[in-house]
Amino acid sequence: MAQQLDHLRTRAEFLRVVGRGQKWATPGLVIRVVRREAEHPDDAGRPRLGLIASKKVGSAVARNRVKRRLRALANELLPEHGKPGTDYVLIGRSATVERRFEELRQDLLTALERVHKPGRGHRP
RNA sequence: UCAGACGGUCGGACGGUCGCCUUCGCCGCGUGCGGCGGGGGAGGAAAGUCCGGGCUCUACGGAGACACGGUGCCGGCUAACGGCCGGCGGGGGCGACCCCAGGGACAGUGCCACAGAAAGCAAACCGCCUGUGCUGCGGCCAGGUAAGGGUGAAAGGGUGCGGUAAGAGCGCACCGCGCGUCCGGCAACGGCAGCGGCAGGGUAAACCCCACCGGGAGCAAGACCAAGUAGGGACGGCAAGCCGCCCAGUGUGAGGCGGCCGGGCGAGUUUCCGCGCCGCCGUCUGGGUCGGUCGCGCGAGGCGCUCGGCAACGAGCGUCCCAGAUGAAUGGCCGUCGACAGGGCCAAGACCCUUGAACAGAACCCGGCUUAUAGACCGUCUGACGCC
């Protein structure tokens with residue numbers, strides 16, 4: 001998949017981000033973010049992406065579409081707005097399939113801004 | 001024209017822009033990456049995982065028995081099937097057509113609730129009839145009967161006529177049923193002489209019997225490469241026979257090696273043959289394996305034509321190469337057109353407006369089945385009405 005972005009590959013990587021990452025929820029998506037420096041201090045590579053669309057989103061067709069829309073969004077925004085050495089996980093919601101793309105883009109920009117703000121707690 | 005039956009095809013289209021997977025060619029170097037150019041890139045069900053195969057591993061090779069599971073009219077097709085085609089039988093429909101777990105109930109066993117007198121072996125509750133019986137004149141008793149009533153899903157052929165005390169296949173006709181001659185058919189089966197006065201109820205989606213089929217697990221199968229670990233440990237139980245040699249020796253003893261016998265394990269159980277492994281079995285415990293490559297798409301393959309066949313299908317020729325991901329590509333966004341639906345509008349059409357496409361996403365592959373599915377189109381046929 002994402003060849004502009006590296007991506008998360010194993011279940012362990014996903015669990016680490018979802019379990020410990022900073023969280024922000026918008027109508028169209030939920031974001032989880034964690035920096036990799038704790039495990040790999042000298043790793044300042046490109047941001048990495050993971051996508052989650054659970055069965056709550058709908059059928060296999062709906063889940064695939066959610067992942068494709070989120071992937072397109074991430075490929076557009078993360079190279080510019082993402083921080084190096086950081087893992088991002090985007091979680092699809094039931095509204096992600098139908099929400100207008102422009103609104104989804106605004107959702108992601110807002111979420112990135114909130115999550116990057118220093119000094120915030122883990123649970124907004 | 002309307003209503004309907006069957007079969008088949010398709011199941012959003014075009015463009016712009018930014019991307020993804022894979023493959024081929026060329027170029028570059030830092031040899032697996034980058035650049036440029038070309039090709040390919042979800043479905044009819046990709047689904048459910050219900051059958052049948054290929055493939056892989058399992059010692060799983062041959063024969064038999066048992067168990068378990070499956071299939072079940074006949075013939076054909078197929079690699080195979082529980083699939084398909086063509087027939088047969090039964091049922092439904094005016095019809096085109098549709099539906100059917102459709103072997104065996106004289107191999108045996110069981111069951112047939114409720115109701116009913118009686119549910120499988122003949123019997124008789126009400127009734128009908130007879131009597132030289134009894135009587136308190138209501139009936140009772142003895143015998144005959146199974147037509148009628150009543151119960152039931154089912155009551156020991158049905159209808160009619162004769163017959164009779166009343167009745168009864170008691171007799172006859174027709175129908176049904178059983179046996180069965182001959183004829184047609186590969187067969188299932190059908191037709192038809194004749195015989196039998198009727199026996200043999202149902203249930204096998206109850207056990208069962210018969211015939212046929214079937215080892216098991218699955219691509220997270222499995223193989224290779226790299227790195228690294230290990231060729232484990234503890235406890236308990238069972239088995240440790242004979243011969244030869246070596247060491248040792250007073251010795252039929254202890255130890256070691258080899259052979260034979262025996263034993264154990266080997267994917268349902270078991271017997272025989274063959275084969276493989278070696279102490280075997282149980283419990284507890286330590287360590288390793290989730291990186292890469294292959295498997296992984298030339299196939300029971302698609303399309304076209306010809307021939308054989310009623311058909312399923314087969315044969316020949318020509319032509320094409322057509323997804324291969326692995327946190328998982330096959331797309332995101334925009335525009336135009338647009339099906340269905342709703343509204344303007346009381347009804348139909350035209351027009352306009354709104355919305356903007358059903359079921360649904362490959363994960364080793366193939367043949368089927370089943371289930372989901374908005375709508376569009378084509379062909380054949382049936383019935384009704386109208387016209388000629």
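As the structure is a prediction and not an experimental result, all values here were calculated from the model. In what follows, chains are A, B, ... by sequence order, proteins preceding strands, each numbered from 1.
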Decide, yes or no, whether a salt bridge links Asp107(A) with Arg99(A) under the criterion of side-chain N to carboxylate O below 4.0 Å.
-> yes
Paired nucleotide for C298(B) [Watson-Crick or G-U wobble; both distances under 3.5 Å] = none
C1' atoms of C100(B) and A206(B), separation to the nearest Å | 22 Å
C1' gap between G4(B) and G104(B), integer Å = 43 Å
For G222(B) and A358(B), measure between their P atoms and round to the nearest Å.
-> 43 Å
Side chain of Val61(A) only, please: which of G332(B), G327(B), A360(B) is the nearest?
-> A360(B)
Has Arg105(A) got a side-chain N or O lying under 4.0 Å from the OP1 or OP2 atom of C333(B)?
-> no
Would a 4.5 Å heavy-atom cut-off, applied to side chains only, mark Val30(A) and Leu90(A) as touching?
-> no
Is the backbone N or O of Gly28(A) less than 3.5 Å from a side-chain atom of Thr96(A), with the two atoms forming a donor-acceptor pair by type?
-> yes
C1' spacing across the pair C378(B) / C98(B), given as an integer number of angstrom | 24 Å
Atom-to-atom span, CZ of Arg68(A) to C1' of U330(B) - whole angstrom = 8 Å
What distance, rounded to whole Å, do you find between the two C1' atoms, one in G216(B) and one in U269(B)?
-> 15 Å
Taking the P atom of each, how far is C340(B) from C296(B), in whole Å?
-> 47 Å
Distance, rounded to the nearest Å, where Leu70(A) contributes CG and A328(B) contributes P | 12 Å
Which residue lies toward the 5' end of RNA chain B, Gly50(A) or Ala72(A), if each is placed at its nearest nucleotide?
-> Gly50(A)
Mind telling me if C351(B) is syn or anti? Syn here is a glycosidic angle within 90° of 0.
-> anti
Arg105(A) and Glu102(A) ion-paired at < 4.0 Å | yes
Between Arg99(A) and Ser59(A), just flag the one whose closest nucleotide in RNA chain B comes earlier from the 5' side.
-> Arg99(A)
Are any of the side-chain heavy atoms of Tyr88(A) and Val34(A) separated by less than 4.5 Å?
-> no
Would you say Glu113(A) has more than 12 foreign heavy atoms packed within less than 6.0 Å of its CD?
-> no
Any side-chain N or O of Arg71(A) under 4.0 Å from OP1/OP2 of A329(B)?
-> yes
Separation between the C1' atoms of G178(B) and U164(B), rounded to whole Å | 30 Å
Nearest-Å distance for atom pair CD/C1', residues Glu102(A) and C334(B) | 12 Å
To the nearest angstrom, the CD-P distance between Glu76(A) and U17(B) comes to 17 Å
Return no unless some side-chain N or O of Arg69(A) is found under 4.0 Å from OP1 or OP2 of G19(B).
-> no
note: Asn75(A), atom CG; G19(B), atom C1'; distance rounded to Å ~ 7 Å
Please measure how far the P atom in C177(B) lies from the corresponding atom in G64(B), and state the result in whole Å.
-> 45 Å
The side chain of Asn64(A) lies closest to which of these nucleotides: G332(B), A42(B), A360(B)?
-> A42(B)
